[in-house]
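To start, the structure itself, in structure tokens.
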Number of protein chains: 2
Amino acid sequence: MDRRITKKDDDASGKERPTLKTLAFMTGLGVTTVSRALKDAPEIGAETRRRVQLVAKQIGYRPNRAGVRLRTGKTNVISLVLNTEHELMSFVSDIIYGVTEVIADTPYHLIVTPYSRSQDPLDPVRYLVETGSADGVIISRTQPNDPRARYMLERGIPFATHGRTDMGLVHPYHDLDNYAFAGEAVRYLAGRGRNRLALVTPPVGLTYYGHTVNGFADALSEVGASEVPFNTVSIDHTIEQIRMRTAQLMRRDNRPDGIVSSAAAATLAVVAGIEDAGLKLGRDVDVVSKQSSDLLHLFRRELLVVNENFRLAGSELARAVLGWIGGKEPGSLQSLSKPSEVLPYRG
Amino acid sequence: MDRRITKKDDDASGKERPTLKTLAFMTGLGVTTVSRALKDAPEIGAETRRRVQLVAKQIGYRPNRAGVRLRTGKTNVISLVLNTEHELMSFVSDIIYGVTEVIADTPYHLIVTPYSRSQDPLDPVRYLVETGSADGVIISRTQPNDPRARYMLERGIPFATHGRTDMGLVHPYHDLDNYAFAGEAVRYLAGRGRNRLALVTPPVGLTYYGHTVNGFADALSEVGASEVPFNTVSIDHTIEQIRMRTAQLMRRDNRPDGIVSSAAAATLAVVAGIEDAGLKLGRDVDVVSKQSSDLLHLFRRELLVVNENFRLAGSELARAVLGWIGGKEPGSLQSLSKPSEVLPYRG
DNA sequence: TTGGCAATCTGTAACGTTTCAGTATACTGG
DNA sequence: CCAGTATACTGAAACGTTACAGATTGCCAA
């Protein structure tokens, strides 16, 4: 046997990052044994196992991600796919923080995969799947018939959606009950005597657009109020557009006396529009708005708010993906948050 | 030669992701040749090179990240290290988008590495460096004497800081000129006849705290105005705290008639506090505030704003890190943004 | 002719991990 | 005492890539 001295036969020297080989050398075992001992394989003697684990802890052994990934295909990465144009502000950081909270004491890393308006939303997902860059994926801006969900379901890659789909396919999701939100909002406004209501909708095409619109409509007929159509804007429009069109709306004869808004940023614009039209919030019109951080009441105390917790959403989505990766049933990884009740300014 | 048939000798079948071996088989070359042809090595014949690259493009070859990483140590990852408690809202998503914009057409992925208040800020950085999880790092909340920067400089890992240090060590950074910001703000207020000014500072301990305070002080004496001390808050305090203490401040005899605020969220609280004290913005007191999205003017049109572009910051930071990784001089990768001028509400 | 050299190309080893197919030892029941 | 088997361990191969150290060919100068 021609046994040449190779570069690393003088292992366990000191400065280099320890590997299984280092551990094997230190314990006098084979790398196979060390590998199995570290993952509590049953065919390793109890004492050996403890010994290996002790040494590993002592010298701060951390498995090399590239090694694991190359051998097993497991990336220990989950990817959050984000639209870099639409996603409104604070939203994103909260979700990210929620996700990181959950994966903090797992080996998982979070990578952010962006896509822009010009691209097909399927592109980034296809990239992730084709290159095997992640073990799990989180997507938002979910549509009733979502090609991304369908694609990942076909390829068998675990994912979770922020928002539900409606394709008769089962997969993990987290969503706010926007049907309930819109309903609560309408009932609250009706309780204050408002009966000509307008809705600032979510982006047309997303699933929760439908939920919101339905909740709004159903509650309207329940309380016997009427809708003032306001289809010219959604929360995806710019501040300027929303503001202008709200002002137009509020100058009409049959202007609404109550508005339900699906997002805080849009609400700022709506209020500006209302005031542009010379009307006063709380007197001429009441506005109920979702918000994700507690800013609207600083803005105008007359605003009526419903809180949505995006940090929670991030956590739930991460939990769902990890659960699926871990072998749980996708159907058991779905969660729906109730919105808070409608909150007027308190003291 | 005992040449056993191994699992993958029947390569190039179709469904599997193509590797160098696949390309080698298809072109009839060795994997070494293919590898070098793809990176335009000079010792490969021009025609061979073109041929390999053509085939590679045709079948959509993408180098396996784990393979490259294992072999070379290059991760093709850059990490953004974030504090999950302090970082204020929209801030974060803008930076992320800025970063992703720059790395979009590079092989780099962005991973978000969080740390919480309870932890030593050095922890996540140490983790990244020790596990070799990234080729480059971006940190924020930079301090004059920043242990993280020092640590990474020692280890020789490329990084960029959002904000400058003051340790006599040179490294890439991007920063807003907060000295200029505070100065402009003071001069603007003085121009409106305000001469008893207070400052809502950045978090004590961060480098730009000093810049801001100095810019404020120097401009004060330049214009002959006086400072009303307001050291009880910084923009790291909660909305409630800022609001309460502003109200207290504004009820005192020697209350300021002008306030400079270092962050939009704090400004909301400041305004609330002003109004709690029964005073009117624009009449009793003027407020100049930095903001990163165009919301403050919707909030109160009397506010005077200075814009800070965090998306640009993200791009600059990413460019800086990539530049350093690519071998440029760290000293050449520093950039300082001028703040916008002070903007009153326009029509 | 021959030695040298440039131009192209190639096999092998190595990065760190897990899995497959064992091997060595001790113990069991007949 | 032996076959059979459970227990505890091990070497080699493989994942996909790059670097090192050649190998082969053709050409030119001496």
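Below, each value reflects all heavy atoms present in this structure, side chains not excepted, and no hydrogens, waters or symmetry copies. Order of the sequence lines sets the chain letters (A, B, ...), proteins ahead of strands, with each chain counted from 1.
Nucleotides of DNA chain D nearest to A/V31 and A/G45 differ in position, and the one nearer the 5' end is that of A/G45. Toward the 5′ end of DNA chain C lies the nearest nucleotide of B/P42, the other residue of the pair A/T32 and B/P42 mapping further downstream.
Side-chain N/O atoms of A/Q53 and A/D40 include a donor and acceptor closer than 3.5 Å.
A/S133 contributes no side-chain N or O that, together with a main-chain N or O of A/V129, makes up a donor-acceptor pair within less than 3.5 Å. Judged purely by atom type and a 3.5 angstrom limit, A/S79 has no side-chain atom pairing as donor or acceptor with the backbone of A/V112. Proximity of a side-chain donor or acceptor of A/N76 to a complementary backbone N or O of A/Y108 within less than 3.5 Å is not detected.
With a 4.5 Å cut-off on side-chain heavy atoms, B/L38 and B/Y61 count as touching. Taking the side chain as every heavy atom from C-beta outward, B/T27 and B/T33 never approach each other to under 4.5 Å.
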Restricting both atoms to N or O, compile the protein contacts to nucleotides 4-6 of chain C shorter than 3.5 Å, with distance only.
none

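In this entry the distance linking CD1 of A/I44 with P of D/dA6 reads 18 Å, nearest Å. Counting to the nearest Å, the P atom of D/dT18 and the CG atom of B/L23 are 12 Å from each other.
When distances are taken from the side chain of B/L29 to each of D/dA12, C/dG16, C/dC9, the shortest belongs to C/dC9. Comparing D/dT18, C/dT19, C/dT8 by their nearest atom to the side chain of B/T72 picks out D/dT18.
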Subject >> Stepwise side-chain contact (heavy atoms from CB on, under 4.5 Å) test for A/R141 and A/L82 >> reply: CA-CA 9 Å; A/R141 299 186 66 84; A/L82 290 178; over 6 Å; no
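Residues of residues 33-40 of chain B having a heavy atom closer than 4.0 Å to DNA chain D, listed by number: B/S35, B/R36, B/K39.
Residue B/G67 is classed as a base contact, given a heavy-atom separation below 4.0 Å to a base. Using a 4.0 Å heavy-atom criterion, one finds that A/G132 contacts no nucleic acid atom at all.
A/Y173 and A/H162 have their aromatic ring centers separated by at least 6.0 angstrom.
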